[in-house]
Amino acid sequence: MEGTQAISVTLLMSFLVLATRGKDVRYRRQEEDNTQILTYQGVNKTIQMEDGDVYDCIDVYKQPGLNHPLLKDHKIKMKPSSIPDWMDTETFPSDSFSQAEPSIIECPTGTVPILRSNGSSTIATHNIDGLKNDMQWERAGLTYMGDLYGARASLNVWEPKVKGSQDSSAIWISIENRRGQRPDRLSAGLRVAPALSGDAFVRLHVAWFDGYSKKGCIDHSCPGYVQVHPHIGPGSRIQPSSVYGGDQRVAGIQIFKEPKSNYWWVSYNNIAIGYWPGGLFEFIRYKGDLAFWGGQVEGPTASSKSTQMGSGHFASEGFGKAAFIRKIEIADDTVKFATPDRYLVGQGSSDPSKYTTGGFEISKDFGMTIFYGGPGSMRA
């Protein structure tokens, strides 16, 4: 019992360190509105969606992710070499009940979609430099400590209200390797981020932090992430969202390391959409040693004037009202997923007065489950 208590304390302390590390991260201000405007070559086609989103279909070999010096002669892998038996790289799951789906962008084969911001003629991106001290973070969720080669879960989809245009609220999965002074981190999930997309819709996003160079990026803001799917990618709008006291929607997010190539793949509802070559990182190239599933708010006022997380309601309200994450699993070095050892996970919040966790259980139908979230400073 004493050993179990010691592990729980260690997990809680690690969670708090994880949550507070982010408080020294900020967006690098490139323009007056805090966005860096870039244009790319290789635009094959421009598509305007019914909801107003505008995507440029860019030649897959001219995408911004390949501008990294270590990817100069990189040969793109369009799908994992060894496809896990749970993955379908061609079609979305046939059982769409309660599934929230991404916008399907009909880019031609050999191109990838990149979202424009506010329908402008250029592509807006953000950089996270990891060196300044005016970015605030808060987190609530579940952490696992131990070697792992992937993390996945079914995320309850919500569209939390974001108070400031520079703040964001995410439903997030992260994998870290903490060997360095600053950890390598790979993340994917759903985020409401007006500063990225110019609106308050929930969208698919990826992010990463290179602990060696102390540089963080999101989506296509800097080279490294390689997009491969022609119809879904970072910035895709996810809908419909869940309804308080009504229909609940979920989305499956997976991050896993392919054994042969050491590439870290991201998939949505079991469909591979892109990857990070492991060789870009000093520490996480072979494996991770910590995973996080939960909510994350960040921005200049994320702690001082905290926005909503999850559904905007505390975990104690339960199913249909509080946000949940279920089927929480980790992968071994053969990409076989399984429920983590319950004694190696811990739940917590960086500020329980704003966000809480609860309802932790392991069941036959839904696997490991946790509820989380809260109103932040936006209480009625």
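Side chains included, hydrogens not; waters and symmetry mates left out as well; all remaining heavy atoms used. All figures in this text were calculated on a predicted structure; none of them were measured in a lab.
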Quick check for you: to the nearest 0.5 Å, what is the distance between [X] atom [atom1] and [Y] atom [atom2]?
{"X": "C107", "Y": "K45", "atom1": "SG", "atom2": "NZ", "value": "7.5 Å"}
{"X": "F292", "Y": "R185", "atom1": "CZ", "atom2": "CZ", "value": "10.5 Å"}
{"X": "I218", "Y": "L196", "atom1": "CD1", "atom2": "CG", "value": "4.5 Å"}

Taking R191 first and then E298, would you say they form a salt bridge - that is, a charged N and a carboxylate O separated by under 4.0 Å?
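Yes, charged N to carboxylate O under 4.0 Å.
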Between D289 and R178 (salt bridge meaning N to carboxylate O under 4.0 Å), is one present in this structure?
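A salt bridge is present here (some side-chain N lies under 4.0 Å from a carboxylate O).
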For [X], enumerate each residue passing the salt bridge (Lys or Arg N to Asp or Glu O under 4.0 Å) test, keeping only those at least two apart in sequence or located in another chain.
{"X": "D332", "answer": "none"}
{"X": "K287", "answer": "D147"}
{"X": "D53", "answer": "R203"}

Steps toward side-chain hydrogen bond (donor to acceptor under 3.5 Å, both in side chains) verdict (D167, T301)
CA-CA 7 Å; D167 290 342; T301 61; 2.3 Å; yes
Kindly write out the residues that satisfy side chain to side chain contact (heavy atoms under 4.5 Å, CB included) with I76, not counting sequence neighbours, or none if the list is empty.
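I76 satisfies side chain to side chain contact (heavy atoms under 4.5 Å, CB included) with V60, Y61, Q63, L66, H74, M78, V226, V228, Y275 once adjacent residues are dropped.
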Test side chain to side chain contact (heavy atoms under 4.5 Å, CB included) applied to T357 - qualifying residues, sequence neighbours left out
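Counting only residues at least two positions away or on another chain, T357 forms a side chain to side chain contact (heavy atoms under 4.5 Å, CB included) with A140, Q347, I370, Y372.
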Starting from L148, can I reach Y286 by hopping between I/L/V/M/F/W/Y residues whose side chains sit under 4.5 Å apart?
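Each belongs to a different hydrophobic cluster.
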In one Ile/Leu/Val/Met/Phe/Trp/Tyr side-chain cluster, 4.5 Å: L70, W208:
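Linked within one cluster.
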When you compare the side chains of S98 and Q248, does any donor N or O come within less than 3.5 Å of an acceptor on the partner?
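S98 vs Q248: no donor-acceptor pair found between side chains.
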Does a donor on one side chain sit under 3.5 Å from an acceptor on the other, for S350 and E138?
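Per modelled atom types, S350 and E138 side chains form a pair under 3.5 Å.
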Scan residues 221-238 for pairs that pass salt bridge (Lys or Arg N to Asp or Glu O under 4.0 Å), counting only residues two or more places apart or in two chains.
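Found D51-R237.
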Once salt bridge (Lys or Arg N to Asp or Glu O under 4.0 Å) is applied, what residue pairs with a partner in residues 361-372 remain, sequence neighbours excluded?
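Passing the test, one end in residues 361-372: no pairs.
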Filter on ring pair (Phe, Tyr, Trp, His ring centres under 6.0 Å), then keep only pairs touching residues 149-177, sequence neighbours left out; what's left?
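Listed once each, the pairs would be none.
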Please find the pair of heavy atoms, one from S174 and one from R139, that lie closest to each other, and give the distance.
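Residues S174 and R139, closest heavy atoms: OG-NH2, 3.6 Å.
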Restricting to non-hydrogen atoms, name the atom on V157 and the atom on I238 that form the minimum distance, rounded to 0.1 Å.
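Minimum heavy-atom separation between V157 and I238: CG1-CG2, 4.3 Å.
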Check: N269 side chain, G252 main-chain N or O, donor-acceptor pair, under 3.5 Å
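Yes, because the side chain of N269 sits within donor-acceptor range (under 3.5 Å) of the backbone of G252.
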List the steps, then state whether side-chain contact (heavy atoms from CB on, under 4.5 Å) holds for E258 with V335.
CA-CA 7 Å; E258 182 187 28; V335 201; 5.8 Å; no
Which residues share a side-chain hydrogen bond (donor to acceptor under 3.5 Å, both in side chains) with D333, sequence neighbours left out:
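Not a single residue meets the side-chain hydrogen bond (donor to acceptor under 3.5 Å, both in side chains) criterion with D333.
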Report the residues that fulfil side-chain hydrogen bond (donor to acceptor under 3.5 Å, both in side chains) with Q227, sequence neighbours left out, ordered by chain and then residue number.
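If we apply the side-chain hydrogen bond (donor to acceptor under 3.5 Å, both in side chains) test to Q227, skipping adjacent residues, the hits are Y225.
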Geometric cation-pi criterion, R152 with F337: 6.0 Å, 45°
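Because its charged atom sits under 6.0 Å from the ring centre and within 45° of the axis, R152 does stack over F337.
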Under 3.5 Å donor-acceptor pairs involving side-chain atoms of residues 317-327, not counting sequence neighbours:
{"unit_1": "E317", "atom_1": "OE1", "unit_2": "Y244", "atom_2": "OH", "d": "2.6"}
{"unit_1": "E317", "atom_1": "OE2", "unit_2": "H313", "atom_2": "ND1", "d": "3.0"}

Pairing residues for F201 by the ring pair (Phe, Tyr, Trp, His ring centres under 6.0 Å) criterion, not counting sequence neighbours
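Expected list: none.
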